[in-house]
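Working notes, structure below.
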Number of protein chains: 2
Amino acid sequence: MPRIVNHEKKRKSIAEAAWNIIKKEGTEKASIRRVAIEAGMSAGALRHYFSTKDEMLLFIMDYYLEEGKKRSQSKSWSENPLQAVEEVLLELVPIDEEKKIETSVWWILALQSLTSDTLKEKKDEMTNGTYELANSMIEILVLKGILSDSINVKLEKSRLAALIDGLSIHALLRPDVYSPEKVKEVIRYHLETLCNESQLN
Amino acid sequence: MPRIVNHEKKRKSIAEAAWNIIKKEGTEKASIRRVAIEAGMSAGALRHYFSTKDEMLLFIMDYYLEEGKKRSQSKSWSENPLQAVEEVLLELVPIDEEKKIETSVWWILALQSLTSDTLKEKKDEMTNGTYELANSMIEILVLKGILSDSINVKLEKSRLAALIDGLSIHALLRPDVYSPEKVKEVIRYHLETLCNESQLN
DNA sequence: CTTTTATTAACACAGTGTGTTATTATAATT
DNA sequence: AATTATAATAACACACTGTGTTAATAAAAG
């Protein structure tokens, strides 16, 4: 009976409009009204697709995380497991302009999740990503027998996750000190210290 | 000629009022009007001491950083340099409720500094803290001859700073996974890996 | 007692997120 | 083809926000 429009498609187009604003002017400029205008609709119309702002922001993050996943899946990783791990970890760190924006939005949302009720529910889901990926990476290295025997696997997982997110935030806030090259260097250095000397080329 | 009031004292009392709100309800609830009421004055009066909200927030951070410094200066550090370094680093990480609040406000402000013009100027000053402290700690360990010969001092500084801030943010966002004990464990573990085996007790 | 000026209060303004209500448009039913 | 049900949209109202401006108050100095 009703006129039918592709709900999900419209949400995506809204997300893209919002992203354009965020890219240029930051998260807090992406108000519902501004995004609505950018997306070519009224604020009330937008509210029909996202009943709350946090909902919109969450969708945006999910959407762009998906995009990122697709990107990394289509990527071909190195044969050398150590190098492959390094490449995966580099995906988590803002080494180019696009990832910089994604990362800053990400951290802002993550910190907002401490006080916003809407975001609170998704907090763990949001913040778990790096931790799980770090775990996987360590496990891969363990399976491949590359890791030095003296390491504590459990602690290495926690350490790697923290290091990556620390680098992520430093690269964001102090790009002069933590340049993409520097970040890469630190990650490589860290991985090297985990390994048997004999495994290094 | 004019009535005289202690400007700085009033700013501090405002800062404390704001801090009370932030502690209970988060940064974004600390609006000028709310803080003014909490401090027992009108919004216009508050504006006389802080002409902008960012200015107020910056003062609050400075104020509480000073308090933190005083606290750590009055503290007595261990004789064992490795242990002393560990204790200093633990000061940077949200292992108790008070530091949790300080840290979350800190990160929120730091990330806002990416888009807010007022905060932008203070960005480096704000974000440099951990980096410089990490540098000092590594240098102390170098001077004491505790560090293993195989390490790259420069990279270790960057790595430590990133690790500490990463732990800081993880302890904030995932206190279930990164409990105070876990954080301590990771820091200790990291320091141990930097050292000569012979130096460890 | 008057003058001077720091301090305070009271608004106005544009912007925000969030709701509610009315209107439009369209697919299905009669 | 006319009617109807309802998704989609628009247009408000509301209580906030930060930021200004402008007038009133209070107290120290002449």
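Chain A is the first sequence line, chain B the second, and so forth, proteins listed ahead of strands; every chain is numbered from 1.
- Distances shown here put a side-chain N or O of A:Lys10 below 4.0 Å from the OP1 or OP2 atom of D:dT9.
- A salt bridge links B:Glu156 with B:Arg159; the closest basic N to acidic carboxylate O contact falls under 4.0 Å.
- B:Lys69 pairs by the side-chain contact (heavy atoms from CB on, under 4.5 Å) definition with B:Glu66, not counting sequence neighbours.
- For the pair B:Ser168 (side chain) and B:Ile164 (backbone), a donor-acceptor distance under 3.5 Å is absent.
- Listed by chain and number, the residues in a ring pair (Phe, Tyr, Trp, His ring centres under 6.0 Å) with A:Tyr131 are B:Tyr178 (sequence neighbours excluded).
- If you check every strand for non-hydrogen atoms under 4.0 Å, B:Thr52 touches sugar and phosphate atoms only.
- Here the P atom of nucleotide C:dG17 and the CG atom of A:Leu46 are 10 Å apart, to the nearest Å.
- One can place CD1 of A:Ile21 at 10 Å from P of C:dT16, the figure rounded to the nearest angstrom.
- Taking only side-chain nitrogens and oxygens, B:His7 never comes nearer than 4.0 Å to OP1 or OP2 of C:dA6.
- Along DNA chain C, the nucleotide nearest A:Glu28 and the nucleotide nearest A:Gly44 are compared for position; the residue whose nucleotide lies closer to the 5' end is A:Glu28.
- Annotation: the span from B:Leu46 atom CG to B:Ile14 atom CD1 amounts to 4.0 Å, rounded to 0.5 Å.
- If you measure from atom CZ of B:Phe50 to atom C1' of D:dG20, you get 18 Å, rounded to the nearest angstrom.
- One can place NZ of A:Lys29 at 8 Å from P of C:dT16, the figure rounded to the nearest angstrom.
- For the pair A:Glu97 and A:Lys24, the salt-bridge criterion is not met [side-chain N within less than 4.0 Å of a carboxylate O].
- Atom CD of B:Glu8 and atom P of C:dT7 are 12 Å apart (whole Å).
- At a non-hydrogen distance threshold of 4.0 Å, B:Ser31, B:Ile32, B:Arg33, B:Arg34 from residues 30-38 of chain B come into contact with DNA chain D.
- To the nearest angstrom, C1' of C:dG17 lies 13 Å from CD of A:Glu55.
- Distances shown here put a side-chain N or O of A:Tyr49 below 4.0 Å from the OP1 or OP2 atom of D:dT9.
- Atom CE of A:Met41 is separated from atom P of D:dT9 by 6 Å (rounded to the nearest Å).
- Listed pair A:Arg47 / C:dG19 meets the phosphate criterion, a side-chain N or O lying under 4.0 Å from OP1 or OP2.
- Counting to the nearest Å, the P atom of C:dT16 and the NZ atom of B:Lys53 are 15 Å from each other.
- Looking only at distances, a side-chain donor or acceptor of B:Arg11 sits under 3.5 Å from a matching main-chain atom of B:Tyr49.
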